[in-house]
Amino acid sequence: MSLPLQVDPSTVANGINYVWILVVSFLIFFMQPGFALLEAGQVRAKNVGNVLMKNMTDWALGVLVYFVVGAGVATVVGGLTSPGGVDLASAFAYVGDSGAWLDWLFGAVFAMTAATIVSGAVAERMNFKAYVLFAALITGFIYPVVQGLTWSGGLLAGSGFVGRALGVGYLDFAGATVVHMVGGVAGLVGAKMVGPRKGRFDESGNSQPIPGHSMLLAVLGTLILAFGWYGFNVGTQATVLAVVDDGSLQFMGEALGRVALVTTLGMGAGAVAAMVVSTSWQGKPDPLWMANGLLAGLVAVTGAVPHVTWWGGLLLGALGGAIVLPAYRFTVDTLRIDDVCGVFAVHGAAGALGTALIPVFGVGGFMGVNQLAMQVLGVVVIALWTVVASGVVFGVADALFGLRVSDEEETEGLDQGEHGVVTYPEFVGDSGPESALGKPVRADGGSELASVADSVGGSADSPGGDGE
């Protein structure tokens, strides 16, 4: 649709497009409370405040670090791994027009998403000081390097050294690997290095259930995340109006529509596939597995939404949802890693698979061997970098602060041990030997009622509480 105007079309288009970027940035920020609710619901009542504190830290500290360091690091890495070269002065110069500031905000909300994924994997036993250090370094260094290698024109981009050699650039439209796999893999490394929660595995190494305290919060957080994800995916299609050759404005409805459609089909297919798999695996459909499948479906299509057919997006979403439960069981039962919220299965495995298979479902047909090779190579490079960098950062944090709280703090709960707060005072009874409801207080700081609440967070095979 073309609209003749009496004003400069470029000015109108830029104004509309930047307002759109602002709106979707706010939507992406709204994913932060979604993550907070999702993770809080999958931990025990005595650790909810700690999870909330970590989520707030991800945002508050993360945006500051990304502003001062992270955005510049991405620019530098992009220049160093491509023929373009590096201008350090401009890379770390934070003055410019309003458009540059809006572009920074859009980049920042993506960085915060990568950081906050990690907190779900290391919940209920990680030292808060160590976590603060990691949150600062993932937003200031680990994630920005990946951004530089891809979106900032570096190694894997079409203009980068590898991209030029293969004649194609790495495809990850809105961050299935650049954001989500980075968070999922970093979380896996952190969960491995901090060790499992007390009682997570028995003497024979078999996993034991530690259910979260609120399925309601977990599912509500999932749906909030899905809502914000439209900003994540559709918002990355940042051009709403374009100036065509005759000087008129064209609404980019087809591009926006494809991204919105594939996003929606991906989340639906992921949820249904996870429901089917959990029913087959456990005998009954599990709400938490369906919720995690919905998210995995979204992750799987996040890199693919403008590049694949609608049916390709549906299949990618279904694959992402279908692999969540098996990937989680592999993490827990084979690797013996206590990933509390299943972040590797949801964000790591689904992101890698969905992005690697983009060329198979291309809008114009198979995209070619070189594109497929680039996708697989890109996934491997990003994963390896994240493993090595995260391992180093967690190691430094361990040396400085110790990664893990004491046994006493873990038993008491991190809310009390790390922050001196009680999230549910009516149920914990912090004013005497009896709780407000007259229930005896347990040795770990929770009442019998809280113990009941701890047991309803999901089935024995759900994230946060799986068993045999």
Side-chain angles (χ1 to χ4, degrees), residues 32-59 113-135 138 183-201 207-215 217-218 221-222 225 288 291-292 295 328 331-332 337-348 390 394 397 402-407 409-419 421 423-424 444-446 450 453-454 457-458 462-466:
Q32 196 71 38
F35 274 115
L37 290 174
L38 173 64
E39 294 173 12
Q42 294 184 82
V43 302
R44 288 165 289 181
K46 62 183 181 180
N47 296 314
V48 170
N50 179 257
V51 166
L52 299 178
M53 189 73 176
K54 287 173 179 173
N55 272 264
M56 288 191 292
T57 300
D58 292 331
W59 173 258
T113 301
T116 205
I117 290 169
V118 179
S119 60
V122 299
E124 301 204 285
R125 77 274 199 199
M126 186 171 180
N127 183 303
F128 183 68
K129 291 179 181 178
Y131 183 82
V132 169
L133 177 62
F134 184 82
I138 192 174
V185 171
L188 185 72
V189 173
K192 173 64 176 178
M193 293 183 68
V194 76
R197 290 167 291 174
K198 291 174 59 178
R200 189 64 177 87
F201 298 100
S207 61
Q208 301 300 307
I210 305 180
H213 86 289
S214 176
M215 185 182 297
L217 294 183
T222 297
L225 278 172
L288 282 182
N292 279 281
L295 296 178
Y328 182 72
T331 301
V332 174
I337 297 177
D338 183 13
D339 180 353
V340 177
C341 296
V343 302
F344 176 71
V346 173
H347 301 275
S390 297
F394 279 117
L403 281 181
R404 196 180 182 104
V405 299
S406 67
D407 288 348
E409 285 180 304
E410 186 174 353
T411 298
E412 179 185 39
L414 274 63
D415 288 8
Q416 287 273 28
E418 293 275 81
H419 311 293
V421 301
T423 306
Y424 298 109
D444 67 356
D454 286 348
S462 296
D466 67 296

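Note that the coordinates shown come from a computational prediction; the quantities given were computed from them, not determined experimentally.
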Residues in side chain to side chain contact (heavy atoms under 4.5 Å, CB included) contact with V132, at least two apart in sequence or another chain: T57, L61, F128

Closest heavy-atom pair and its distance - A45, D415: O-OD2, 3.7 Å

Student check: side-chain heavy atoms of E418 and E409 closer than 4.5 Å: yes

Rounded distance [0.5 Å steps], CG in L133 versus CZ in F394: 9.5 Å

D407 versus K198, closest heavy-atom pair with distance: O-NZ, 3.8 Å

C341 side chain reached by L38 side chain, heavy atoms, under 4.5 Å: no

Non-neighbouring partners of Y131 that pass ring pair (Phe, Tyr, Trp, His ring centres under 6.0 Å), sequence neighbours left out: none

Among M193, R125, K129, side chain to side chain contact (heavy atoms under 4.5 Å, CB included) partner for L403: M193

K46 (side chain) donor-acceptor with E124 (main chain) under 3.5 angstrom: no

Spacing of CG belonging to L288 relative to CE belonging to M215, to within rounding of 0.5 Å: 4.5 Å

Check: T116 and W59 side chains under 4.5 Å, non-hydrogen atoms: no

Short side-chain to backbone donor-acceptor contact, R404 and V194, under 3.5 Å: yes

Side chains of V118 and V343 in contact at under 4.5 Å (non-hydrogen atoms): no

Residue pair G49 / T423: nearest heavy atoms and the distance that separates them: N-OG1, 3.0 Å

Result of checking D338, N47, V43 against R197 for side chain to side chain contact (heavy atoms under 4.5 Å, CB included): D338

Nearest non-hydrogen partners of V122 and G187, listed with the distance: CG1-O, 4.3 Å

N/O donor-acceptor pair under 3.5 Å between H347 side chain and V185 backbone: no

Separation between CG of L37 and CG of L225, rounded to the nearest 0.5 Å: 8.5 Å

Within-4.5 Å side-chain heavy-atom neighbours: K54 and M126: yes

Non-hydrogen side-chain atoms of V332 and F201 separated by less than 4.5 Å: yes

Shortest non-hydrogen separation from A40 to V51 and the atoms involved: N-CG1, 3.8 Å

D339-T331 side chain donor-acceptor pair, cut-off 3.5 Å: no

F35 CZ to T222 OG1 distance, which is reported to the nearest 0.5 Å: 10.0 Å

Atom of N50, atom of L414 and distance for their closest heavy-atom approach: OD1-CD2, 3.4 Å

